[in-house]
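For reference, the structure discussed in these notes is given below.
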Amino acid sequence: MLLSKNSKFVENPIRKLDLIAEKLSREGKNVIKLNTGDPARYFSPPKSLEKAYIKAIKEKKFFYSSSLGVRELREEIAKRYKRDYNLEVNEDRIIIAQGISELIYFLNASTIDKKDSAVLFKPFYPPYLPNLFFFGGKPLFSELDEEKDWQLDTDNLRRKIKREKKKPKYLLIINPNNPTGSVLDRKKLEEIVEIAKDFDIFLVSDEIYDELVYEGKFTSICEVAKGVPYVIFNGASKSYVATGLRLGYAIFPEEDKKSEELYKKFVDFASLRLCCNTPAQYAFAEALKNEKEHKVFLKKFLRELNKRIELSTKLTNEIECLKVKKPKAAFYLFPKVDFSKLKVKDDKKLVEELLISKHVQVVDGSGFGSPGHIRIVTLADEETLKEAFQRISEFFKEKENS
Ligand code: PLP
């Protein structure tokens with residue numbers, strides 16, 4: 001057998017229907033893709049990023065950078081965390097990666113042996129799960145409560161971890177969350193940190209949407225996890241509208257034994273793949289340096305995102321079988337589907353039929369660990385969103401029980 005046993009776990013539910021979508025496009029159908037959270041399809045990155053990328057290319061910065069990443073970039077990230085979260089972190093404790101996507105791989109490859117577990121909250125960003133399975137691990141799930149704005153029941157989480165014979169290797173927080181757009185408040189984060197401390201579990205906080213919050217103040221794990229081992233994942237993809245740059249980073253601010261071990265192992269993994277795109281790193285450094293430009297950019301970007309998510313929330317709730325509250329952050333809606341009124345009975349079938357019959361691509365909730373939902377990306381312009389929701393609405397009408 002050529003393929004490894006665990007390769008069977010490798011798939012990305014967000015892109016699962018891409019082949020069908022491409023085929024439809026080739027046949028001349030106007031496919032509206034509301035499946036990927038890619039702001040660069042509808043917005044442009046800050047000007048300084050674009051200019052610095054061209055400059056780096058003209059200056060022929062085509063060499064391998066250090067495996068940790070270009071120092072200027074790591075310095076700018078450290079400054080950003082000082083500015084925004086008052087975090088003191090040495091730039092050498094920051095590792096540049098090819099997106100958080102690569103860090104997910106570093107994380108599991110570094111920590112997971114067969115039958116090890118990791119705590120994941122449901123719903124979750126899909127790639128974390130197949131990656132964990134690939135390395136022989138298994139999830140210990142804790143549900144976010146939809147009725148309570150997708151908040152976490154920390155007492156329940158504590159009980160679950162207590163019941164485990166072998167303690168989980170890490171606990172993953174995705175905050176703000178994809179797909180729900182919910183934000184964990186400071187008190188919840190403090191409770192999670194207490195749990196991590198009590199059970200000696202490493203904390204991983206994916207904060208890629210930290211600057212895309214519409215409502216309330218965002219608290220980073222670095223503001224509450226002092227003295228507890230943790231790593232933050234963040235990157236250029238969302239708030240710098242630069243998904244295709246493929247740049248993410250991991251920050252290890254603490255110096256305890258676990259942080260030290262994991263940091264060093266990440267450095268080893270980084271050295272195996274030599275480095276990230278060098279000109280891109282200079283571009284991201286320049287964009288981070290231009291903090292005033294970024295503030296103005298973010299304000300405009302958020303205003304526009306807010307308009308689109310408000311419109312999408314309204315149009316979703318006009319469809320009888322869908323129900324959703326406007327999220328506090330990011331650019332996703334994760335409505336619950338009332339299947340009792342529909343002929344089609346599960347979310348996977350539903351999204352496939354929607355794509356085939358109406359040429360609108362969304363993602364099934366099952367892929368995020370929450371069947372009975374669908375995820376809709378709200379980044380498209382007003383006209384495209386209106387057209388997409390018109391088609392979704394027609395689809396649901398046709399699928400209603402007569
Ligand atoms: N983490 C979360 C929560 C995401 O939603 C995404 C992309 O949608 C990623 C990570 C991927 O990030 P990157 O582009 O840095 O690989």
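None of the values given here were measured: they were computed from a predicted structure. Counting convention: from 1, in listed order, for ligands and their atoms alike. Every heavy atom of this structure was used, including side-chain atoms; hydrogens, water molecules and symmetry mates were not.
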Would you tabulate the polar-atom pairs, meaning N/O of ligand 1 against N/O of the protein, with distances under 3.5 Å, reported to 0.1 Å?
{"from": "ligand 1", "atom 1": "1 (N)", "to": "D206", "atom 2": "OD2", "distance (Å)": "2.6"}
{"from": "ligand 1", "atom 1": "5 (O)", "to": "N178", "atom 2": "ND2", "distance (Å)": "2.7"}
{"from": "ligand 1", "atom 1": "5 (O)", "to": "Y209", "atom 2": "OH", "distance (Å)": "2.6"}
{"from": "ligand 1", "atom 1": "8 (O)", "to": "Y209", "atom 2": "OH", "distance (Å)": "3.4"}
{"from": "ligand 1", "atom 1": "8 (O)", "to": "K238", "atom 2": "NZ", "distance (Å)": "2.7"}
{"from": "ligand 1", "atom 1": "14 (O)", "to": "S237", "atom 2": "OG", "distance (Å)": "2.6"}
{"from": "ligand 1", "atom 1": "14 (O)", "to": "R246", "atom 2": "NH1", "distance (Å)": "2.9"}
{"from": "ligand 1", "atom 1": "15 (O)", "to": "I100", "atom 2": "N", "distance (Å)": "2.7"}
{"from": "ligand 1", "atom 1": "16 (O)", "to": "I100", "atom 2": "N", "distance (Å)": "3.1"}
{"from": "ligand 1", "atom 1": "16 (O)", "to": "S101", "atom 2": "N", "distance (Å)": "3.0"}
{"from": "ligand 1", "atom 1": "16 (O)", "to": "S101", "atom 2": "OG", "distance (Å)": "2.6"}
{"from": "ligand 1", "atom 1": "16 (O)", "to": "R246", "atom 2": "NH2", "distance (Å)": "2.8"}

**Prompt:** Do any N or O atoms from the side chain of K328 and from the backbone of Y214 form a donor-acceptor pair under 3.5 angstrom?
**Reply:** no

**Item:** F9 and F133 aromatic centres sub-6.0 Å
**Value:** yes

**Prompt:** Taking the six-membered ring of Y249, is NZ or CZ of R74 closer than 6.0 Å to its centre and within 45° of its axis?
**Reply:** no

**Request:** Would you check if the side chain of N175 reaches a backbone N or O of N177 as a donor-acceptor pair within less than 3.5 Å?
**Result:** no

**Close aromatic pair by centroid cut-off 6.0 Å: Y128 and F124** = no

**Message:** My understanding is that only one of V204, L140, I192, L120 makes a side-chain contact (heavy atoms from CB on, under 4.5 Å) with L171; could you say which?
**Reply:** I192

